[in-house]
Number of protein chains: 2
Amino acid sequence: MPRVELARSTGLSFPAISAITSKLMAEDLLCEAVTETATVWPDDTDEEDTDGLNGRRRGRPAVLLTLNPEFGRVIAVSLRMNLIETLIADFSGSALAQSRLELTTRGLDAAALCDLVIAQIDAMIDATATPRDRLLGIGIALQGIVDSDTGRHLWSPALSITDVDLATPVRQAFGVEVVMANDAVAVALALAAAEPALAQGLTATIMVGHGVGMGVVVDGEARDGAGAGSEIGHVKLAPNGPQCRCGQRGCIEAHLADYALYRDARTFLDLPPAVSQQPSEAQMALLRARARAGDPRLEQLFRQAGHALADAVATTISVLRPHHIILAGPGLQAFDMMRSAYEERLERAVLPWLLKSTAIHVRPSESATIVDGMVRRTLRVVDRNHMETTE
Amino acid sequence: MPRVELARSTGLSFPAISAITSKLMAEDLLCEAVTETATVWPDDTDEEDTDGLNGRRRGRPAVLLTLNPEFGRVIAVSLRMNLIETLIADFSGSALAQSRLELTTRGLDAAALCDLVIAQIDAMIDATATPRDRLLGIGIALQGIVDSDTGRHLWSPALSITDVDLATPVRQAFGVEVVMANDAVAVALALAAAEPALAQGLTATIMVGHGVGMGVVVDGEARDGAGAGSEIGHVKLAPNGPQCRCGQRGCIEAHLADYALYRDARTFLDLPPAVSQQPSEAQMALLRARARAGDPRLEQLFRQAGHALADAVATTISVLRPHHIILAGPGLQAFDMMRSAYEERLERAVLPWLLKSTAIHVRPSESATIVDGMVRRTLRVVDRNHMETTE
DNA sequence: TTGAATAACTTCACCAAGAGAATTAAAAAA
DNA sequence: TTTTTTAATTCTCTTGGTGAAGTTATTCAA
């Protein structure tokens, strides 16, 4: 945040940083933070003189620079099974307002969907009294297949329509940049931002929840274009496996996603029916509770899910050879029940030399992670465009 | 090749190109080609004035620039099952000499392997009377797992030893840059260079031969670091499938690689034994001939191989979502017998929206493709280093 | 309180890379 | 020969950066 730190991290010289930051401050994009009395310093020196003055050092103290939160705002939308989540954030990424709209998404046609998304965005703008010219960008995270080149939404389990262009109408409605991404990419970004260790090298985030998706992040940044999102959930484990929502059989998702577990459990257990085959969070919690209570059939179901998860990880390691794999999403709340089956299968499904060179992290993230990550992605794109235009 | 073309392709201004090229010419890196009488022009104009003068146009003709072949030389080594192939090329990438050394690679220890590789390189230098200071780089393409960060050779089916550091001794012996890569990456580069259409966007090259590997090329360049090479061959199709050389079971490779096909065929057919379980090219040709002659058991074997190939393609598409997939390597010489099974399986194993957005190309390349691609890779790295140091 | 000491910034002179305009060069067409 | 056309160079100028020196704000020690 202080200029010295910027100089160190960018490798640029000190005068260059000075020039750039003063230009950005003239644009009101950056501003100097109020000098706090208890400034925390990075403890990168091995000196013994750690005096009692709360980490203060001699010399002129660094002036902290922050993004001016008032420079503008971005809106992130997460569109998934029976849920449209919307969030508006200021330029520093802090949330100002959010909304959740539950509805049967599979009942929508393309026009209705666009109208709905636009209405949600409008509502956010109104709720926070955001001037139109202060809206800098809109990010839409989608559950399903996004064409990385065109941004079109090719297919989603949440929708009965295919090949939807959501970006163009929204861009026309608000006249700002619209960023489309797979929701797993958004989660991957949020997790990489939260843990700096995961923002080093190639990180693949497998998100297990309503579906099974994957996002790829390189050095903390989403990969542009092809290769950013992945449909690991629709890799086939067996030619004649269980039915998947995608229409094919034997997909990893059909063994591992919440809808698959709930559907399979209902064949031998009395459980309340799910709306559009999509169990709610409460229903999934119930399922886990019953399994933990010791139902051997449910235990077997979660063991099979563990196998499927191991196969997803094994395939990802073999094909992508990432430095890190993050297992994320609400589905991981049942990881304790999958663990032994997962580990046993993983051992046999990946070459040991590959397994050794990949670190696997389990982070059962919440649903808010999607819009959080999407805000980051959108801000990043807005930033980049701004640089290019004012350069 | 001419300066105008460089300006167009790089987007730099004309004076900039002039300055850069004249600097490089002073370094003897570039030189002007002799003005040929029948200069071939790019036919990018739609003008009707295509006179009979063999494509000549009005105006000052462009001076063709070429890399000075005498600027230096690079050596590429391909290390694979029972074979060490070596090639020395001039700075323009033209081969000057090559050698093939057949031996039982699995009998070597680390020191013997290093000595052997160094001896092969020495032989190439001597054979072409290359002054030591003219050797700019050495590229080594390996069958097996290469650690993209350290360049260590973690595991190879061709060797009984694991975790070998071949780069350091070779670098010390010759004092030049040593580039390590998976052999599939080398093939991918060679194919991308041969067909400009394949050098656009993300291209995954699946090489089927002694093993099954994959190389990833983005816009004609090998991806650096993690994610360049992939062990798609060791993705598992079934937990208890056929035995693979890697020690695990059910790998794609164990259904598809030449050694697997030959081994399985020998269980029901009289065929000459293979050296170290590695059938020769002649033996594989014999196998294909017998299958084409109409042996139903062999036809079934190749159909199963077709299924495994489809699964490899399906997994690659789902995880990587590339623009192009190239199926390459000698194993594809039997593609006609795999085709129907391959197509039928592929249809069921990939989401149609993904399949539609990936172009699949079949290129049964020869073995020389590996060293060819490795020369390109090495030249590219040497170039880059040169730029950085003289900058 | 008052001056070192220290560290964060700033200013200034300078350099290098590239852009645009005008100039020179080499060939075909008139 | 002269004109036209296209390639390449030269010149000037802007821009984005560096290094060296100067300025400012703060702690510590006399």
Side-chain angles (χ1 to χ4, degrees), chain A residues 1-27 30-66 386-391, chain B residues 1-27 30-66 386-391:
Chain A
M1 282 292 198
R3 274 172 259 242
V4 247
E5 199 55 41
L6 285 172
R8 257 192 289 275
S9 59
T10 59
L12 289 172
S13 74
F14 224 93
I17 295 293
S18 227
I20 292 168
T21 52
S22 58
K23 192 186 292 176
L24 293 178
M25 285 175 66
E27 286 186 64
L30 281 181
C31 60
E32 298 192 344
V34 282
T35 318
E36 297 189 20
T37 46
T39 313
V40 183
W41 293 79
D43 43 4
D44 49 355
T45 51
D46 310 337
E47 298 169 350
E48 298 290 325
D49 62 18
T50 316
D51 50 276
L53 283 155
N54 206 7
R56 277 270 179 123
R57 281 184 210 171
R58 311 182 68 175
R60 178 174 175 176
V63 179
L64 291 163
L65 297 174
T66 54
H386 182 81
M387 290 298 151
E388 279 169 15
T389 52
T390 58
E391 172 183 313
Chain B
M1 282 291 197
R3 274 172 259 242
V4 248
E5 198 56 41
L6 284 171
R8 258 192 288 274
S9 58
T10 59
L12 289 172
S13 75
F14 225 93
I17 294 293
S18 230
I20 292 167
T21 54
S22 60
K23 191 186 293 175
L24 293 179
M25 284 175 67
E27 285 186 67
L30 280 181
C31 60
E32 296 191 344
V34 283
T35 319
E36 296 187 22
T37 45
T39 313
V40 182
W41 293 79
D43 41 6
D44 50 354
T45 50
D46 309 338
E47 298 169 351
E48 298 290 326
D49 63 15
T50 316
D51 49 277
L53 282 156
N54 204 8
R56 277 269 177 124
R57 280 184 209 170
R58 315 180 63 173
R60 177 175 174 175
V63 179
L64 291 163
L65 296 174
T66 54
H386 183 82
M387 290 298 150
E388 278 170 14
T389 53
T390 60
E391 170 186 314

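Side chains are part of it too, since the values below use all heavy atoms of this structure and drop only hydrogens, waters and symmetry mates.
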Rounded to whole Å, how long is the line connecting atom [atom1] of [X] with atom [atom2] of [N]?
X     : N     : atom1 : atom2 : result
B/I20 : D/dA8 : CD1   : C1'   : 14 Å
B/R58 : D/dT2 : CZ    : C1'   : 12 Å
B/L12 : D/dA7 : CG    : P     : 17 Å
A/L65 : C/dA8 : CG    : P     : 13 Å

- Task: Before giving the answer on side-chain contact (heavy atoms from CB on, under 4.5 Å), spell out for A/L65 and A/C31 the whole-Å C-alpha distance, their side-chain angles and the decisive distance to 0.1 Å.
- Result: CA-CA 6 Å; A/L65 297 174; A/C31 60; over 6 Å; no

- Who pairs with A/L12 by side-chain contact (heavy atoms from CB on, under 4.5 Å), at least two apart in sequence or on another chain?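 Testing A/L12 for side-chain contact (heavy atoms from CB on, under 4.5 Å), a comparison that skips the adjacent residues, returns A/T10, A/A16, A/I17, A/I20.
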
- Task: Using the test side-chain contact (heavy atoms from CB on, under 4.5 Å), find all partners of B/S22 that sit at least two apart in sequence or belong to another chain.
- Result: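 Expected list: none.
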
- Query: Counting any heavy atom closer than 4.0 Å, what does B/I17 reach on the DNA or RNA strands: base, sugar-phosphate only, or nothing?
  - Reply: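 Here B/I17 touches no strand at all.
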
- Taking side chain as C-beta onward, heavy atoms only, is A/L64 less than 4.5 Å from A/E32?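 Heavy-atom side-chain distance check fails, nothing below 4.5 Å.
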
- Task: Give a yes or no on whether the backbone of A/F14 and the side-chain of A/S18 come within a donor-acceptor separation of less than 3.5 Å.
- Result: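 Looks like no, no N/O pair under 3.5 Å.
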
Could you go over nucleotides 9-11 of chain C and give all protein N or O partners under 3.5 Å, atom names and distances?
{"from": "C/dC9", "atom 1": "OP1", "to": "A/V63", "atom 2": "N", "distance (Å)": "2.6"}
{"from": "C/dC9", "atom 1": "OP2", "to": "A/R3", "atom 2": "N", "distance (Å)": "3.4"}
{"from": "C/dC9", "atom 1": "OP2", "to": "A/V4", "atom 2": "N", "distance (Å)": "3.4"}
{"from": "C/dT10", "atom 1": "OP2", "to": "A/S18", "atom 2": "OG", "distance (Å)": "2.4"}

